[in-house]
Amino acid sequence: MSHQPPADQPRTFHVKSFGCQMNVYDGERMAELMAAQGLTATQDAAAADLVVLNTCHIREKATEKVYSDIGRLRKDAAAQGRARPMIAVAGCVAQAEGAEIVARAKVDVVVGPQAYHNLPDLVARAAAGVPALDTDMPTASKFGQLPARRRVGPSAFLTVQEGCDKFCTYCVVPYTRGAEISRPFEAIVDEAKALVDAGAREITLLGQNVNAWTDEGRGLHDLIRAIDRINGIARIRYTTSHPNDMTQGLIDAHRDVETLMPFLHLPVQAGSDRVLRAMNRSHTRDSYLRLIDRIRTARPDIALSGDFIVGFPGETEADFAETLSLVDTVAHAQAFSFKYSPRPGTPAATMADQVPAAVMDDRLQRLQAALNRDQHAFNAASIGRRCTVLIERKGKLPGQMLGKSPWLQSVHLLTDAAIGDLVEVEVTSAGPNSLGAVERLRQVA
Ligand code: 5AD
Ligand code: SF4
């Protein structure tokens with residue numbers, strides 16, 4: 001099939017990211033990369049010369065969604081009387097599908113998560129009329145080849161680790177993101193300093209298995225302690241963690257490091273040992289609960305978050321009841337829950353006893369009811385608490401600003417504080433998804 005060459009080198013671009021925070025980070029870095037090439041960012045995707053779809057492959061019909069997005073984009077552009085935009089598919093669908101996307105949707109560029117530093121090159125090749133594909137996973141890191149960070153909001157992401165060696169039987173990540181790789185200590189600390197210089201007060205360290213980060217014997221807690229020493233940093237967070245990589249050093253950091261926020265996203269996925277074994281999670285219900293006890297001893301007010309999958313192949317009603325009872329025991333501050341979605345190429349996709357959709361729907365509803373109950377209770381228990389809020393944006397009402405509590409709750413308050421300020425507040429009301437507060441003190445820090 002012939003490929004229609006885009007008329008010219010693109011001058012404007014739009015990056016659209018789906019899925020996890022690591023994709024958001026990658027999307028920001030791709031945008032910085034294109035801006036450094038002299039391209040201008042636009043808000044309206046259909047009006048851009050180049051659209052980067054930074055895709056996610058973790059669940060559902062992700063691939064089909066990408067194809068329908070491409071179709072819609074071309075229709076919208078045509079409705080504006082424009083020639084079709086150049087389209088680059090990036091992210092995990094690009095990695096998983098590769099040349100198939102060029103064949104099927106005639107996109108211009110396909111670039112995997114480990115190769116996007118080559119985007120300008122690929123775009124130039126595509127502009128010359130040849131579809132360009134790069135899904136290599138080079139050993140040399142892309143990070144050293146990206147432009148420096150310049151302007152960021154008060155809360156910034158920083159990828160420190162990528163990939164996963166755990167091979168949970170339902171998960172595509174080890175295939176799309178590759179083996180676990182940690183960025184070097186110095187490079188991360190330098191980027192953290194640059195982020196603070198560029199306006200960040202809070203940094204969230206990212207990795208598919210962020211607490212497996214390591215460099216020359218150092219662990220994530222060493223990195224956290226180094227970032228804590230940067231002048232101007234107010235808050236540190238990290239996500240996502242695996243229970244088996246939750247070291248004593250990291251638990252101690254939650255006790256000792258004031259800027260490390262009392263929030264932990266620690267997915268457990270299921271409450272039944274039989275299911276955990278079939279998932280190849282390599283922890284048990286009991287080892288997880290004992291770990292939670294140790295973490296709560298170190299940091300009693302910690303807000304726990306997690307991920308759950310219902311309807312994993314072979315999950316019985318009795319197995320599911322164990323998930324509900326684990327939820328009752330832990331009382332999460334918030335959590336994400338998903339219906340199991342067979343991912344092509346993963347071991348679980350071909351396991352016997354796939355659970356019918358109606359059963360999954362029912363279990364998801366019951367699980368979410370329990371998680372919502374706990375989230376609301378956690379928020380309600382915050383009323384009367386004094387805490388800091390990092391102001392992130394304007395609210396809907398005049399004079400209203402929105403920010404986050406240390407426990408990652410959204411907080412709205414009336415204040416003349418600016419974006420990036422830390423204010424001390426007293427929480428006065430709680431809803432299922434946010435808190436209301438009144439200002440008590442402006443921090444001059
Ligand atoms: N089906 C449903 N949920 C999944 N997750 C990962 N793979 C699947 C799948 N095949 C969920 C897990 C993981 C989160 C990022 O996505 O709960 O922690
Ligand atoms: Fe996927 Fe398991 Fe690795 Fe998490 S730990 S990314 S769920 S394989």
Side-chain angles (χ1 to χ4, degrees), residues 17-25 55-65 91-93 95-96 113-114 159-182 204 206-213 220 238-246 264-272 275-284 287-288 291 304-315 320 323 326-327 330 332 334-351 354-357 359-361 363-364 367-368 371:
S17 288
F18 304 85
C20 67
Q21 289 145 319
M22 300 196 58
N23 257 16
V24 175
Y25 174 87
T55 60
C56 169
H57 203 225
I58 195 95
R59 283 177 299 272
E60 315 281 305
K61 301 176 177 67
T63 314
E64 291 313 311
K65 197 172 164 330
C92 291
V93 174
Q95 192 65 40
Q114 303 306 346
T159 293
V160 305
Q161 180 278 340
E162 290 188 286
C164 182
D165 295 339
K166 301 284 190 292
F167 289 94
C168 299
T169 52
Y170 50 80
C171 186
V172 285
V173 166
Y175 311 97
T176 56
R177 291 270 174 170
E180 280 179 18
I181 297 175
S182 294
T204 302
L206 299 180
Q208 260 95 29
N209 254 296
V210 73
N211 59 341
W213 179 87
L220 187 67
Y238 61 94
T239 197
T240 286
S241 297
H242 190 282
N244 287 11
D245 295 314
M246 210 60 220
L264 178 61
H265 184 245
L266 193 66
V268 61
Q269 313 296 356
S272 140
V275 172
L276 289 170
R277 230 180 358 260
M279 286 177 162
N280 191 33
R281 284 293 294 177
S282 66
H283 61 77
T284 63
S287 69
Y288 177 83
L291 177 61
L304 288 167
S305 168
D307 294 338
F308 291 88
I309 296 176
V310 301
F312 185 80
E315 184 189 70
F320 177 63
T323 297
L326 180 137
V327 165
V330 175
H332 293 81
Q334 62 144 88
F336 303 96
S337 48
F338 313 103
K339 286 186 274 190
Y340 168 70
S341 160
R343 306 281 71 212
T346 60
T350 49
M351 284 181 184
Q354 300 280 327
V355 174
V359 175
M360 281 207 246
D361 286 336
R363 288 181 189 163
L364 187 67
L367 176 60
Q368 290 187 338
L371 293 170

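Numbering of ligands and ligand atoms starts at 1, following listing order. If you're wondering where the values come from, they're calculated on a predicted model, not measured in any experiment.
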> State, yes or no, whether a side-chain contact exists between Lys65 and Phe18 at a heavy-atom distance under 4.5 Å.
yes
> Heavy-atom cut-off of under 4.0 Å around ligand 1: list whichever protein residues fall inside it, by chain and number.
Ile58, Arg59, Tyr170, Gln269, Asp307, Ile309, Phe338, Lys339, Tyr340, Ser341, Arg343
> Would you check if Glu180 and Ser182 make a side-chain contact, meaning some heavy-atom pair closer than 4.5 Å?
no
> Ignoring hydrogens and geometry beyond distance, is a side-chain donor-acceptor pair present between Tyr170 and Gln269 at under 3.5 Å?
yes
> Grab the two heavy atoms, one from Thr323 and one from Gly271, that are nearest each other, plus how far apart they are.
OG1-N, 3.0 Å
> Can you sort out the partners of Lys339 under salt bridge (Lys or Arg N to Asp or Glu O under 4.0 Å), two or more places apart, ordered by chain and number?
Asp361
> Met351 and Ala278: which non-hydrogen atoms are nearest, and at how many Å?
CE-O, 3.6 Å
> Mind checking side-chain hydrogen bond (donor to acceptor under 3.5 Å, both in side chains) for Thr204 and listing every partner two or more places apart, or none if nothing turns up?
none
> Tell me, which residues have any heavy atom less than 4.0 Å from some atom of ligand 2?
Cys164, Lys166, Phe167, Cys168, Tyr170, Cys171, Val173, Pro174, Asn209, His242, Arg281
> Report yes or no: does Arg281 contribute a side-chain atom to a donor-acceptor pair with the main-chain N or O of Pro243 at less than 3.5 Å?
no
> Please check if the side chain of Asn23 supplies one atom and the backbone of Thr55 the other of a donor-acceptor pair under 3.5 Å.
yes
